[in-house]
Amino acid sequence: MCGLAGILGKSISDLQKKNVLNSIKHRGPDSSGVYTSKDITLIHTRLSILDVTKKASQPMIDKKTGIVILYNGEIYNFKEIRKNELNEFNFQSDSDTEVILKLYIKYGNKFVSYLEGMFAIAIWDPNKHKLFLIRDRFGIKPIYFFHYDKIFAFSSEIKPLINFNINPKIKKLNLINYLQFGTTSISNETFFENIFSVPSGTILTFYKNKKFLTKYWSLEKNLNNNFYNLDEHDVEKEFFNLTNKVVSDHLISDVPVGLTLSSGSDSQFILNSIKNISQQKIESFTYGFNERKYDEIRKIKKEKKDSQLIYNSIIVNSNTLIQDLEESIKDFESPIGGVGTLGMWKLMKLARKKKIPVLLSGEGSDEAFCGYKYYYYFYLWELYTNKKFDLLNKEVSYLKKEYGNNMNLTKEFIKKFVTKNMKNVQAPDGSSLEDKSFLTKNYQKYIKKNNPFANINFPDNFSCLKKRMYIDLFYLKIPKLLWFVDRASMSSGIECRVPFLDRRIIENSYSLPSNLLIKNGVSKNLIKSLLKKKLKIKSIRQQKLFVATPQREWIKHNLKEKFLNYVKNGYLVENKIINYNNLNKEYSQYCASSKLGNSFKFWKI
């Protein structure tokens, strides 16, 4: 991975270039470079993964055309592209960066359709006097931009933009949306005015002080209709071959590769896919807790010791939580999702210490294969509206057996839940994340005028379940998760790869009938079935852990005094955004209650 930045319409001093470079040095600790012309300044820091020689350094310039590229990511099929599409070119390196550059020279912007991988690309074409910013299909790799008057700047993170002497203000509306709903990245906005992210699957063209956005890929236009007509056995066979290919591609590297490991089906699937492909030792990384109920380290060690694995782990505890939050907020540039996000951030420091610069991780499996509890409601309503009553009754009976009275399965409740929550945020267990009780009257007006979910769209021809999955994939879940994964990993100079968000997997999983994603009351049915039948794993947790950290206990018991002192003297109270007395009252009631409840309303603050 790498860090990239650039600016047009404004000349900057050597000191500013140095400050920008230093602000993204953590993303690319191995080398750096600067390109300057009368029109543009381009800055790059490199984490060397493929072709670690200086020949692959950036900014990379094509000598014949003068075209310049900055690139952050990995192209898993770059060798095939070079062999099949670019025989007429002479190459100076063995890097995927040079393949992208030559591919653009040959095909123009159509080059992006050839790429399999994760990427944020900046191409300066001095012949056309155009800048192109290109982001991968799911937004795995970030790229932000600022455009005001005649200045256009872009970067992998927000800090470099500030070092270009751009001083954005906090966007109050987005802050209020976060405090009410817990949202961080809807509609490609940030917490700062005039700073946006390039949308996923999009090319931004900047020309004559105007920007143009072109969507180069959409899921609904790339579904595999052949999958829908296959029987379950053939689907499992096809997906097993596909996932093996995808995981194999994600192992391409000239440096060591490891993985983040938990007892969940997603990381277990990646682990056993790697073992199915290679007999080499695998470095695994797990964070855990002193609280046994939540500790993944103990759960993994309870299983049979795997001689192919090299186990690495850390314990996250409440004693350093405030200190960790103060340190990590500079890396995340946004509020942090929870204790789990903080655990991942600390785990990446261990990976850097162990000199494993590439990790595979399981993000995206819930959105690709139906992992959240609230998906059951959308599936049941889909069965009801399609009059598949036999299958509906069968699924309801399995869910009653699994959840008993803890899950309301009446028709009236399901209809109401689906209607209210198709475009709303929920915790993995389906509980609401919305709360506005702490906001002062001055900021209640923002709520009345604003609906952050108004611009959420989904394909009309998708089923009820697929519509909700689509919303999580492109709006409510994955953009936030990828923000956290990128910042947690790149703050320590670690490249984190997410195989479940490979285009080939998503296009095919969204082409499957819903009854292969949820079956007999089991979420992520296809993944769990492949683990059992193809990878011969007998012990699989059937239901997802919807609460995976001791965050509730820490907020309720361990941190009460620290929490209140911190909030009382903080930005939100000082600027009269939240009512401290209301917060104090509700928090005291929460701490006194015997129920653990949902702690996110307090974590947000």
Side-chain angles (χ1 to χ4, degrees), residues 1-10 12 16-37 39-51 54-63 65-75 78 92-93 95-105 108-109 111-112 115 117-136 139-147 152-161 163-164 197-198 202-207 211 486 490 493 495:
M1 286 305 167
C2 305
L4 50 88
I7 188 166
L8 295 90
K10 179 182 179 181
I12 60 172
Q16 282 179 292
K17 293 174 189 175
K18 182 179 179 181
N19 289 339
V20 170
L21 193 150
N22 287 337
S23 67
I24 49 171
K25 188 68 176 177
H26 53 278
R27 299 185 67 93
D30 297 326
S31 65
S32 61
V34 177
Y35 169 91
T36 302
S37 72
D39 301 305
I40 193 169
T41 297
L42 301 172
I43 297 170
H44 188 270
T45 63
R46 185 184 181 205
L47 175 63
S48 302
I49 303 296
L50 295 170
D51 188 352
K54 291 184 178 180
K55 291 180 180 180
S57 295
Q58 300 180 50
M60 185 177 284
I61 307 165
D62 182 72
K63 292 180 180 178
T65 63
I67 296 169
V68 189
I69 184 172
L70 302 178
Y71 158 58
N72 169 30
E74 296 298 339
I75 304 303
F78 78 99
Q92 306 301 313
S93 73
S95 69
D96 52 350
T97 306
E98 190 172 5
V99 167
I100 298 170
L101 181 57
K102 304 295 188 192
L103 202 62
Y104 168 78
I105 292 169
N109 283 348
F111 83 93
V112 70
L115 305 182
M118 53 182 184
F119 47 85
I121 303 167
I123 294 175
W124 170 245
D125 192 329
N127 308 302
K128 298 178 180 178
H129 212 75
K130 290 182 178 180
L131 172 71
F132 302 102
L133 303 180
I134 307 115
R135 197 173 181 199
D136 64 67
I140 301 170
K141 289 292 97 190
I143 187 164
Y144 300 92
F145 66 89
F146 171 93
H147 183 207
F152 184 88
F154 66 91
S155 171
S156 297
E157 296 182 4
I158 293 169
K159 288 185 289 291
L161 298 178
N163 281 298
F164 279 132
S197 61
V198 175
T202 298
I203 300 172
L204 184 154
T205 303
F206 188 74
Y207 176 62
K211 54 186 181 292
D486 177 81
M490 293 311 298
E495 175 175 293

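Just so you know, residue 1 is the first one in the sequence shown, and it goes up from there.
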Results of side chain to side chain donor-acceptor pair (under 3.5 Å) for Gln58 - residues two or more places apart only: His44, Thr97
Strictly below 4.0 Å, N to O, side chains only: are Asp486 and Arg27 in salt-bridge contact? yes
Residue pair Ile7 / Phe154: nearest heavy atoms and the distance that separates them: N-CE2, 4.5 Å
If you look at every heavy atom in Val20 and Ser23, which pair is closest and at what distance? O-OG, 2.6 Å
N/O donor-acceptor pair under 3.5 Å between [X] side chain and [Y] backbone:
| X | Y | answer |
| --- | --- | --- |
| Arg135 | Lys141 | yes |
| Ser95 | Glu98 | yes |
| Tyr144 | Phe146 | no |
| Asp136 | Ile140 | yes |

Going by the rule side chain to side chain contact (heavy atoms under 4.5 Å, CB included), which residues pair with [X] if we only count those two or more places apart in sequence or in a different chain?
| X | value |
| --- | --- |
| Ser31 | Arg46, Ser57 |
| His26 | Glu157, Lys159 |
| Asn22 | Lys18 |
| Ser32 | Leu21, Lys25, Thr45 |

What class does the angle between the rings of His147 and Phe206 fall in, given that below 30° is parallel, 30 to 60° is tilted and above 60° is perpendicular? perpendicular
Does the Lys NZ or Arg CZ of Lys130 fall within the cation-pi geometry relative to Tyr207 - under 6.0 Å from the ring centre and within 45° of the axis? yes
The single option from Asn72, Ile121, Leu42 passing side chain to side chain contact (heavy atoms under 4.5 Å, CB included) against Leu4: Asn72
Please check if the distance between the ring centroids of Tyr104 and Phe132 is under 6.0 Å. yes
For Asp62, give me all partners under salt bridge (charged side-chain N to carboxylate O under 4.0 Å, His left out), at least two apart in sequence or on another chain. Lys102
